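Here is the structure we will look at, set down as structure tokens.
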Amino acid sequence: MNIIAGNFKANLTRAQVASYTAQLDSSLDSFLDSQSAQNTLPRVYLFPSSTALLDNTFKHFRIGAQNAHFANSGGFTGEIGLSQLQEFHLSSIIIGHSERRGIFNESQDFINQKFRFYAQAGFEIFYCIGEDLKTRQQGQKALGDFLESQLSGIDTSYSKLIVAYEPIWAIGTGESASVEQIESTHTMLASLTSAPLLYGGSVNEKNAHEILSIPHVNGVLVGSASLKVENFTQIIQAGFSPSL
Ligand code: 13P
């Protein structure tokens, strides 16, 4: 079963997310009605900004957190902790996104602490890895070593782990990695972990079907194209698989 996740980043207000989520639940209702039981709904997640978190009570998708500190609560100005997530009944979190590693200087050690804390709390962890263009251009060995280093200290057999491969050079550029690049990277990752493997980086309603058909791609993590509910609904529809 595919996993389709939308990462809103610092986009959309609380009011916009409230209207988006209501619309998404009802459009998935009508889609399922029209398809009867012929299809299996993918597992769908939305990651709104912290001020737009909503109670996790939707019918067809789960709400998760883009980030939180590895503490229940306390002196961590600007952050939220586990207690704030629990108020919304959230149990999914993104850790290791390249924007947190890059812009907010999160080290592998810091990310490890976050991983351990939220794994201990039983969260589903969307753990992101991905190389910059320079590393990609150094060839397969350098790429493999780099991605492995981003997994160091992470329990890759954690049962609620989902790994998202998001090459930095494909994020927000409108140019996703090629089918060949995704396939070879995901094949390598599948030898390191049995966790579901998502691809992220300029996934949209036009390329989602092709990307989801690549071997070892178990879903997608979508940024810009998830911001419009119509586009995201089409991506979800690309992720339906016929029931057996
Ligand atoms: P885009 O889909 O905008 O490239 O963003 C991908 C991403 O960073 C999702 O986490």
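In listed order, ligands and their atoms are each counted from 1. FYI, side chains are in, hydrogens and waters are out, and symmetry mates aren't considered; it's all heavy atoms of this structure. Quick caveat: nothing in here was measured; it's all calculated off a predicted structure.
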More than 12 foreign heavy atoms under 6.0 Å from [atom1] of [X]: is that the case here?
{"X": "Q108", "atom1": "CD", "value": "yes"}
{"X": "E210", "atom1": "CD", "value": "no"}
{"X": "Q120", "atom1": "CD", "value": "no"}

Discussion item. For a 4.5 angstrom cut-off between non-hydrogen side-chain atoms, does T21 reach F61?
Written reply: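 When only atoms from C-beta onward are counted, F61 and T21 do touch, with a gap below 4.5 Å.
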Discussion item. Between H97 and Q66, do the side chains contain a donor N or O and an acceptor N or O under 3.5 Å apart?
Written reply: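 Side chains of Q66 and H97: no pair found under 3.5 Å.
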Are there any N/O pairs under 3.5 Å between ligand 1 and the protein, and if so, what are their distances?
from: ligand 1; atom 1: 2 (O); to: G223; atom 2: N; distance (Å): 2.8
from: ligand 1; atom 1: 3 (O); to: S224; atom 2: N; distance (Å): 2.9
from: ligand 1; atom 1: 3 (O); to: S224; atom 2: OG; distance (Å): 2.4
from: ligand 1; atom 1: 4 (O); to: G172; atom 2: N; distance (Å): 2.6
from: ligand 1; atom 1: 4 (O); to: S202; atom 2: N; distance (Å): 2.8
from: ligand 1; atom 1: 5 (O); to: K9; atom 2: NZ; distance (Å): 3.3
from: ligand 1; atom 1: 8 (O); to: K9; atom 2: NZ; distance (Å): 2.8
from: ligand 1; atom 1: 8 (O); to: H97; atom 2: NE2; distance (Å): 2.9
from: ligand 1; atom 1: 10 (O); to: N7; atom 2: ND2; distance (Å): 3.0
from: ligand 1; atom 1: 10 (O); to: H97; atom 2: NE2; distance (Å): 2.9
from: ligand 1; atom 1: 10 (O); to: E166; atom 2: OE1; distance (Å): 3.1
from: ligand 1; atom 1: 10 (O); to: E166; atom 2: OE2; distance (Å): 3.0

Worksheet item: Between D145 and K141, is the closest basic N to carboxylate O distance under 4.0 Å?
Response: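 Answer for the salt bridge query: yes.
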